[in-house]
Asker: 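Shown below is the structure under consideration.
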Amino acid sequence: MRPVSGTKGNLRGSALWGKKTKGEARSSALWGKPGRNIAAFLAIITVLAAPVAAPAKNGPGHGQGSVSLALVPDSLFASAQQNPDQLFSVIVQAKRGKSSAYVATLVQGISSKGKAKGLKKKFTAVNGVSAQLTGAQIVALSKQKGILAITPDRKLVASGQYSNDGDWSQATKVDGFWGGQQLSGLSMPAIAIVDSGVQTGRTDFGARVIKQVRITNLLPNSLGDGRGHGTLVAGIAAGSASRYAGAAPTAPIVSLDVMDDNGMALTSDVIAAADWILQNKAAYNIRVANFSLQSTAPATFAYDPLNAAVEKLWFNGVVVVAAAGNYGDNGQPTTLAYAPGNDPFVITVGASDMNGTPYTAADDFVAPWSAFGYTLDGFAKPDIGAPGRLIVGPVPSTSTMVKEHPERVMALGYMWMSGTSFAAPMVSGSAALVLAYHPNWTPDQVKGALMLTAQPTAAGLALGVGELNAKAATQVATPPNPNLALNQFVVSDGAGGLAFDAASWASTAQANASWNSASWNSASWANASWANASWNSASWAAASWNSASWAAASWNSASWAAASWAAASWAAASWNAASWAAASWAA
């Protein structure tokens, strides 16, 4: 892997799936590490999707120095250890020969002190009980010799509804929509996937891919989705297959194929896709557009044509969601200089690591390759975070991503990947859900609701205001406007539409460091999960406006390079000598 010239810290060679980080291997991605004895646990209901650890001392997921004799899902045990006072609803089963009454006595004894309710129900169908216990009580109970297993008392969905074995659906609270018939009465807007295409004829989408538009002329470009990236993104946003449901599993999908089979797109083709959406949004009810891609050259949003294109969508009622990019500097801030994720209007999404605890976001941290920091124009990005590591979704079995990484295939037509490309569609699907509940909302309102209800994390501004909480966002009545100060520079474009007045904005921002305070001083943000101090005028310190931000080097010919790349397409193989052959950059 070799560094590429550009913004400091941009090691793009590892960005597609992140750096080779502990735990990021297929053997442990979903089902635990090899050698764990889970045969005795097969009788437990299959809705339990987290990896289950066999009895172990100092085993994976059970913490240094801990001893667990019971079978406990890794994610539950880790969360219990890290949050000893948090309340958990669990089901506790006894080993053979022990009764429900025996378990009830243990539970009552261990929960007699503290705020937990303790015993809730005793069962006869199984030798066990349901209970509410603190994290510390769960850890203590797991060490009792007579306990077989402690598992989450999870919500189930009605037969024929939606499910996802990945923890991200719990972490983002999208699974809160999957029970009963909650989605059946909603009129879902369409989500435009600007990517490498979407494979049709799958149970993931049924007949919901209502339009396919092939824009790119780059070769090779297979019919459907030769890369696999777009299908995976669409599946996370709106898939509906059993065990692999997306955030909005009833939303229609419009596919705009702008990438070839290697994950490359022309900037002009991405702009053409935005044009197509603008012209056809009413016909297909497109209210959300997902851009899991980025430019290859740094630029200011004020004059970059791709920024102008996505802003035009935003001003015309389409929520634009963009990936932050995977050139992060090992958890350290860098410059977010690439369109469209550098645009202050759109919703830019960073990738979180759930830390093995989907039940709480408090201990989640930014994935080491997820980009965050200030743009060349002084805006803090990303706006919000969502899980981006080890995300499983649909892909064509013959796609180039599968050929490059066959070890990541989880089942026929499904593989896992990591990247901000796969965090972004979680937010896109959630934005569609918000619009289904509030069809008259503007993109500014949708962005405000998603940011206002974000879950606090340990990542600070690396994940924007926090991690996505889709359920809470739909319940907001009056969202604040995070783009309030920017909107004063949105003016008539002279042709009956709206455009951003870059010159007026630049003049105001350079003269008044507190120009943006109107966006963040509103009382409406009082309940937000972040402090106003994080978004005060420090963002507009003189350093943000030094000459480097506007240096001629930022606007040299490289800034107008023809290519854009998928935000997760910076694999090492993409940067070998062959990738730089003249044919790869042909217009």
Side-chain angles (χ1 to χ4, degrees), residues 21-23 49-51 60-64 66 72-90 114-116 132-139 142 150 152-155 166-176 324 328 331-333 349-368 370 372 380 382-391 420 423 426-427 430 449-473 475-476 525-535:
T21 305
K22 183 179 179 181
H62 284 192
Q64 184 66 29
S66 66
V72 186
D74 277 355
S75 57
L76 173 59
F77 197 91
S79 188
Q81 282 189 309
Q82 295 170 19
N83 303 278
D85 297 324
Q86 182 176 326
L87 297 177
F88 297 84
S89 292
V90 294
K115 59 181 179 179
Q132 183 192 69
L133 300 171
T134 65
Q137 291 165 352
I138 289 173
V139 173
S142 72
I150 304 173
D153 189 3
R154 290 188 173 178
K155 296 177 181 178
D167 288 343
W168 71 264
S169 62
Q170 303 160 46
T172 59
K173 309 298 186 288
V174 298
D175 62 345
Q332 300 301 308
V349 185
S352 67
D353 187 313
M354 292 179 286
N355 202 19
T357 57
Y359 309 100
T360 177
D363 62 344
D364 291 2
F365 54 89
V366 66
S370 182
F372 72 94
D383 301 294
I384 197 169
R389 302 195 79 172
L390 305 172
I391 306 300
T420 57
M426 298 178 193
V427 176
S430 299
L450 290 168
M451 292 177 70
L452 180 69
T453 55
Q455 305 170 84
T457 72
L461 288 180
L463 292 174
V465 296
E467 195 168 73
L468 173 67
N469 185 336
K471 190 70 173 180
Q475 297 168 3
V476 173
W525 292 98
N527 294 325
S529 59
W530 42 275
N532 286 336
S534 298
W535 292 86

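Along the sequence shown, residues carry numbers from 1.
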Asker: Which heavy atom of Asn83 sits nearest to which heavy atom of Phe88, and what is that distance?
Answerer: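 Looking at all heavy atoms of both residues, the shortest contact is O-CE1, 4.0 Å.
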Asker: If I compare all heavy atoms of Phe372 with all of Pro382, which pair ends up nearest, and what's the gap?
Answerer: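 For Phe372 and Pro382, the tightest heavy-atom pair comes out as CB-CD, 3.5 Å.
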Asker: Search all heavy atoms of Met426 against all heavy atoms of Ile391 and return the closest pair with its distance.
Answerer: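 Closest pair (atom of Met426, atom of Ile391, distance): CE-CD1, 3.7 Å.
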Asker: Among all residues two or more places apart in sequence or in another chain, which pass the side-chain contact (heavy atoms from CB on, under 4.5 Å) test with Ala472?
Answerer: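 Per chain and number, Ala472 pairs via side-chain contact (heavy atoms from CB on, under 4.5 Å) with Thr453, Asn469.
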Asker: To the nearest 0.5 Å, what is the distance between CH2 on Trp168 and CG on Leu390?
Answerer: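 Between Trp168 CH2 and Leu390 CG, I get 14.0 Å after rounding to 0.5 Å.
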Asker: First locate atom CG of Leu87, then atom CG of Leu133, and finally report the distance between them rounded to the nearest 0.5 Å.
Answerer: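 Between atom CG of Leu87 and atom CG of Leu133 there are 9.0 Å.
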Asker: Can you spot which of Leu468, Asp383, Val465 makes a side chain to side chain contact (heavy atoms under 4.5 Å, CB included) with Leu450?
Answerer: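 Option passing the side chain to side chain contact (heavy atoms under 4.5 Å, CB included) with Leu450: Leu468.
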Asker: Holding to side chain to side chain donor-acceptor pair (under 3.5 Å), I want the full list of residues that pass it with Asp363, two or more places apart in sequence or in another chain.
Answerer: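 Side chain to side chain donor-acceptor pair (under 3.5 Å) list for Asp363, sorted by chain: Asn355, Thr357.
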Asker: Would a distance-only check, ignoring hydrogens and angles, find a side-chain to backbone donor-acceptor pair under 3.5 Å from Gln455 to Ala171?
Answerer: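 Yes; at least one donor-acceptor contact below 3.5 Å.
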Asker: Between Ser79 and Leu76, is there a donor-acceptor pair closer than 3.5 Å when you use the side chain of the first and the backbone of the second?
Answerer: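 Checked: no pair found.
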Asker: What residues, two or more places apart in sequence or in another chain, satisfy side chain to side chain donor-acceptor pair (under 3.5 Å) together with Ser430?
Answerer: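 Result, side chain to side chain donor-acceptor pair (under 3.5 Å) vs Ser430: none returned.
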Asker: Residues two or more places apart in sequence or in another chain: which of them pass side-chain contact (heavy atoms from CB on, under 4.5 Å) with Ala459?
Answerer: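 Ala459 satisfies side-chain contact (heavy atoms from CB on, under 4.5 Å) with Val366, Thr457, Ala462, Leu463 once adjacent residues are dropped.
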Asker: With Ala423, which residues qualify under side-chain contact (heavy atoms from CB on, under 4.5 Å), at least two apart?
Answerer: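 Partners of Ala423 under the side-chain contact (heavy atoms from CB on, under 4.5 Å) test: Val349, Ala351, Ala386.
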Asker: For Ala136, what residues pass the side-chain contact (heavy atoms from CB on, under 4.5 Å) criterion, not counting sequence neighbours?
Answerer: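 For Ala136, the residues satisfying side-chain contact (heavy atoms from CB on, under 4.5 Å) (neighbours in sequence not counted) are Pro84, Thr134.
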Asker: Where is the tightest heavy-atom contact between Gly356 and Ala78, given as atom of each residue plus distance?
Answerer: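 Heavy atoms of Gly356 and Ala78 come nearest at O-CB, 4.4 Å.
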Asker: So, taking the atom named CE in Met354 and the one named CG in Asp167, what distance separates them when rounded to the nearest 0.5 Å?
Answerer: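 That separation rounds to 5.0 Å.
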